Amino acid sequence: MSESFLPYGRHWVDEDDIAAVAECLRGDWLTTGPAVDSFEAAFAAVVGARYAVVVSNGTVALHLAALAAQVDANDIGIAPTMSFLASANGMRYTGAEIVFADADPDTGLVTPETFRAAIKRSAGPVKMAVVVHLNGNPVDMPEIARIASEHSIVLVEDACHALGSTYRDETGAAVKVGSCQHSAMTVFSLHPVKTITMGEGGVVTTNNLVLYERLKLLRSHGMVRATEKTVNHDLAFARSGDANPWYYEMQELGFNYRAPDFACVLAHSQLKKLPMFARRRAQLKEIYDRQFRDIGELVKPLLIEACAEPVLHLYPLLIDFAALGRERARVMADLRELGIGTQVHYIPIHRQPYYVEHSRVVDLPGADSYYEKALSIPYYPLMTDQDAERVVRAVRGVLGINS
């Protein structure tokens with residue numbers, strides 16, 4: 001194999017990112033320092049939210065969102081089945097029962113219809129629901145938010161794929177994913193293959209002060225210090241809190257989900273590149289769209305609704321492997337031999353052994369159909385136009401489709 005290998009996704013870290021991290025490492029703070037607050041303020045401004053809370057990864061961000069919403073073992077949560085495991089696990093960590101929502105077979109997204117169907121299948125009132133902007137493609141937030149409001153459901157957006165994406169609301173106005181205009185909280189991942197990275201990391205945004213304060217509290221052991229709002233009513237402890245700077249109290253059971261300063265410095269540096277990353281992803285999308293748009297019904301690019309303006313994290317093709325007489329695993333192996341990495345996003349969560357055992361088995365045909373056809377091809381800003389054209393040639397050749 002003479003040409004370099006193209007993975008399905010890859011980070012972009014520049015010398016200025018490295019220099020910023022090195023400067024932090026030479027400084028006074030490695031964790032819980034000023035870089036955390038600085039990044040949170042910048043992130044909130046970029047996505048248009050009032051508050052942002054940075055944490056150690058996207059999974060714990062989903063867990064914290066459930067805890068902030070006070071979801072517990074007596075509650076029911078709705079999760080998308082067509083997503084990564086964390087979209088359901090965040091609520092399940094609290095002990096909540098999970099009801100899975102089906103997906104549109106052409107987009108993999110939860111729809112108003114599949115959302116209503118999941119509510120109807122629930123054994124009781126639903127406390128919280130997570131909807132995922134799969135691949136960076138926004139769901140119909142205005143309508144899903146309206147349904148959630150009808151049922152008093154705390155709605156959380158899983159935007160781990162969707163930093164920079166926008167959609168149009170019912171008035172035609174552009175809404176930034178993460179601005180929480182139609183949700184209580186939005187969760188992001190900053191894993192290396194995501195649009196920006198901090199190595200491992202996550203962010204929760206919200207416009208609700210109560211949720212914001214709970215997110216911060218639960219991120220760090222449920223603990224506050226003497227300089228913060230303490231609630232202990234024992235006179236001796238209260239007096240020591242007034243007089244002694246070491247005083248702290250654990251107000252409820254929290255976790256150590258903090259992110260270090262040097263990771264926040266990396267993320268802050270990356271955030272400044274978001275417009276460039278988004279622009280390059282759009283250019284690559286245009287190449288793929290043009291090359292795959294008219295290939296026929298057996299190989300289709302991702303369907304994007306007219307109201308959506310996504311910054312895609314992944315570029316999946318929907319391939320009818322059965323009709324082509326090809327096994328997906330064989331296609332992936334043949335592409336790998338040509339230096340083209342691919343991946344499948346995702347196995348429906350309701351098919352996972354754990355959830356088969358712990359949730360009611362249901363038939364979710366839309367998600368199953370999407371899964372059977374999905375194949376993510378290389379898609380990341382470091383790719384050149386020539387790289388993208390090479391991917392197209394390889395896919396066409398392996399599938400036996402003439403140019």
Side-chain angles (χ1 to χ4, degrees), residues 53 55 57-102 110 112 114-132 144-158 180 182-187 202 204-224 231 249-257 348-364:
V53 176
V55 292
N57 59 66
T59 301
V60 304
L62 286 157
H63 185 205
L64 274 187
L67 293 170
Q70 298 184 320
V71 176
D72 62 28
N74 297 312
D75 292 321
I76 297 172
I78 289 176
T81 188
M82 184 43 62
S83 185
F84 184 59
L85 305 169
S87 297
N89 290 352
M91 290 181 288
R92 183 60 184 162
Y93 293 150
T94 72
E97 178 188 342
I98 305 300
V99 175
F100 289 102
D102 201 2
V110 171
T114 63
F115 188 56
R116 281 194 183 278
I119 295 171
K120 188 174 181 179
R121 277 190 278 107
S122 300
V126 176
K127 179 71 169 286
M128 174 176 156
V130 172
V131 291
V132 64
I144 287 177
R146 189 180 66 79
I147 297 168
S149 179
E150 287 176 2
H151 295 271
S152 300
I153 297 171
V154 178
L155 185 60
V156 174
E157 298 173 69
D158 180 338
C180 299
H182 295 101
S183 64
M185 290 171 279
T186 305
V187 172
V204 187
T205 60
T206 185
N207 296 324
N208 184 299
L209 178 59
V210 173
L211 290 173
Y212 172 62
E213 290 181 340
R214 281 187 56 74
L215 289 164
K216 289 200 301 177
L217 178 73
L218 295 165
R219 171 178 66 179
S220 189
H221 302 285
M223 181 183 72
V224 296
V231 297
E249 59 187 41
M250 180 177 142
Q251 296 180 349
E252 62 179 290
L253 185 62
F255 299 83
N256 182 356
Y257 283 170
I349 306 173
H350 77 286
R351 298 291 186 188
Q352 295 294 338
Y354 175 87
Y355 283 109
V356 170
E357 180 180 353
H358 289 89
S359 298
R360 282 178 288 174
V361 177
V362 291
D363 183 27
L364 301 177

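All heavy atoms count here, side chains included; hydrogens, waters and symmetry mates do not. What you are looking at is a predicted structure, and each value in this text was computed from that prediction instead of being measured.
No donor-acceptor distance shorter than 3.5 angstrom exists from the side chain of Arg121 to the backbone of Arg360, with no hydrogens or angles considered. A donor-acceptor pair is defined here as one N or O able to donate and one able to accept, closer than 3.5 Å; no such pair exists between the side chain of Lys127 and the backbone of Ala66. Put simply, the side chain of Thr206 gets close to the backbone of Ala184: a donor and an acceptor are under 3.5 Å apart. Judged by distance alone, the side chain of Arg214 and the main-chain N or O of Ala69 form no donor-acceptor pair under 3.5 Å. Formation of a donor-acceptor pair under 3.5 Å by the Ser122 side chain with backbone atoms of Ala118 is found in this model.
In this structure, Phe100 and Leu364 have side chains that are in contact, with non-hydrogen atoms separated by less than 4.5 Å. The shortest side-chain heavy-atom distance between Val53 and Arg219 falls under the 4.5 Å cut-off. Arg351 is not listed as a side-chain neighbour of Val356, based on a closest heavy-atom distance of 4.5 Å or more. Residues Leu155 and His182 have side chains not in contact (no heavy-atom distance under 4.5 Å, counting atoms from C-beta outward).
Interatomic distance, CG of Leu211 versus SG of Cys180, reported as 9.5 Å (0.5 Å rounding). In this structure, Leu217 CG and Met223 CE are separated by 9.5 Å, a value rounded to the nearest 0.5 Å. Taken from CE in Met185 to CG in Leu62, the straight-line distance is 10.0 Å, to the nearest 0.5 Å. Here the CZ atom belonging to Phe115 is positioned 4.5 Å from the CD1 atom belonging to Ile153, to the nearest 0.5 angstrom.
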Going by atom type alone, with no hydrogens or angles, which donor-acceptor pairs under 3.5 Å involve a side-chain atom of residues 79-91 and a protein atom two or more places apart or on another chain?
{"residue": "Thr81", "atom": "OG1", "partner": "Ile349", "partner atom": "N", "Å": "3.1"}
{"residue": "Thr81", "atom": "OG1", "partner": "His350", "partner atom": "N", "Å": "3.0"}
{"residue": "Thr81", "atom": "OG1", "partner": "His350", "partner atom": "ND1", "Å": "2.6"}
{"residue": "Ser83", "atom": "OG", "partner": "Ser87", "partner atom": "OG", "Å": "2.6"}
{"residue": "Ser87", "atom": "OG", "partner": "Asp158", "partner atom": "OD2", "Å": "2.5"}
{"residue": "Asn89", "atom": "OD1", "partner": "Tyr355", "partner atom": "OH", "Å": "2.6"}

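Nearest heavy-atom pair across Thr114 and Asp102 is OG1-O, 2.9 Å. The minimum heavy-atom distance between Val156 and Ala65, with the atom names listed, is CG1-CB, 4.4 Å.
Taking the side chain to side chain donor-acceptor pair (under 3.5 Å) definition, one finds that Arg146 meets it with Glu143, Glu150, sequence neighbours left out.
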Set out, in order, the CA-CA distance, both residues' side-chain angles and the distance that settles side-chain contact (heavy atoms from CB on, under 4.5 Å) for Ile144 and Val110, then state yes or no. CA-CA 9 Å; Ile144 287 177; Val110 171; 4.2 Å; yes
Passes side-chain contact (heavy atoms from CB on, under 4.5 Å), Glu249 versus Val224? Steps please. CA-CA 6 Å; Glu249 59 187 41; Val224 296; 3.7 Å; yes
Stepwise side-chain contact (heavy atoms from CB on, under 4.5 Å) test for Asp75 and Met128: CA-CA 8 Å; Asp75 292 321; Met128 174 176 156; over 6 Å; no
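For residues 57-69, the pairs satisfying side chain to side chain donor-acceptor pair (under 3.5 Å) are His63-Tyr257, with sequence neighbours left out.
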